Amino acid sequence: MKKAIISVVGQDTVGIIARVCTYLASRQINVRDISQTIIDGYFNMMMIVDVSDIDDEFNDIVQDLDAIGTEIGVKIRCQREEIFTKMHRL
């Protein structure tokens, strides 16, 4: 399985999870784990997703998610699991 880490941060508004998950489902990206919190009006979500079955290039997915984030007023970051792991090693 090829995994990616998606983080979403910004002001809380209606439909953030729905918008992101609808896009992921349309690209055959399965959500394996999800955590979200809202603290004092700020939304924070982290997802581990399975990108094994995507038809598009990974960079296209990254750009699409960035554009969706701009549309809904949040910052969406998507990284391959191996890059995320290497960046967060001590």
Side-chain angles (χ1 to χ4, degrees):
M1 175 182 2
K2 294 180 190 175
K3 293 189 232 174
I5 310 300
I6 298 173
S7 62
V8 182
V9 178
Q11 289 277 54
D12 185 35
T13 59
V14 173
I16 296 171
I17 296 171
R19 182 72 168 91
V20 173
C21 289
T22 299
Y23 171 79
L24 296 175
S26 74
R27 297 299 186 268
Q28 303 303 312
I29 298 171
N30 188 34
V31 176
R32 305 295 295 177
D33 200 357
I34 183 171
S35 172
Q36 64 95 25
T37 57
I38 301 166
I39 300 173
D40 197 24
Y42 290 96
F43 179 86
N44 183 33
M45 178 170 65
M46 180 173 266
M47 307 169 88
I48 299 173
V49 298
D50 181 355
V51 293
S52 300
D53 297 330
I54 62 173
D55 294 327
D56 301 323
E57 292 292 322
F58 185 79
N59 286 336
D60 293 340
I61 302 294
V62 171
Q63 290 173 358
D64 289 349
L65 287 169
D66 186 53
I68 290 168
T70 300
E71 287 173 22
I72 62 176
V74 296
K75 177 66 177 167
I76 302 177
R77 186 166 186 177
C78 180
Q79 296 176 294
R80 293 184 188 277
E81 179 189 36
E82 59 269 16
I83 301 296
F84 182 86
T85 302
K86 287 180 183 176
M87 285 179 57
H88 291 89
R89 253 190 214 150
L90 294 177

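The structure displayed is predicted, hence computed values, not measured ones.
Side-chain contact between Val74 and Ile76 is present, with heavy atoms from C-beta onward closer than 4.5 Å. Using a 4.5 Å heavy-atom cutoff, the side chains of Ile39 and Asn44 are not in contact. Proximity of Leu24 to Ile6: side-chain heavy atoms (C-beta onward) are separated by under 4.5 Å at one or more points. A heavy-atom distance below 4.5 Å is not found between the side chains of Met47 and Arg32.
Applying the side chain to side chain contact (heavy atoms under 4.5 Å, CB included) criterion to Lys2, with sequence neighbours excluded, gives Val51, Ser52. Applying the salt bridge (Lys or Arg N to Asp or Glu O under 4.0 Å) rule to Asp50 yields no partners; only residues at least two apart in sequence or on another chain are considered. Here Gln36 pairs with Ile17, Ile38, Phe43, Met45 under the side chain to side chain contact (heavy atoms under 4.5 Å, CB included) rule; sequence neighbours left out.
To the nearest 0.5 Å, the span separating CD1 on Ile48 from CD1 on Ile5 amounts to 4.5 Å. We find the CE-CZ distance between Met46 and Arg77 to be 10.0 Å, quoted to the nearest 0.5 Å.
A side chain to side chain contact (heavy atoms under 4.5 Å, CB included) with Val49 is found for one member of Ile29, Ile34, Asp33, Asn30 and no other, namely Ile29.
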Under 3.5 Å, sequence neighbours excluded: what are the donor-acceptor pairs made by side chains of residues 53-68?
residue, atom, partner, partner atom, Å
Asp56, OD2, Arg27, NE, 3.1
Asp64, OD2, Tyr23, OH, 2.7

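Sorted by first and then second residue, the salt bridge (Lys or Arg N to Asp or Glu O under 4.0 Å) pairs with a member in residues 34-44 form an empty list; sequence neighbours excluded. Among pairs with a residue in residues 5-20, those fulfilling side chain to side chain donor-acceptor pair (under 3.5 Å) read Arg19-Glu71, at least two apart in sequence or across chains.
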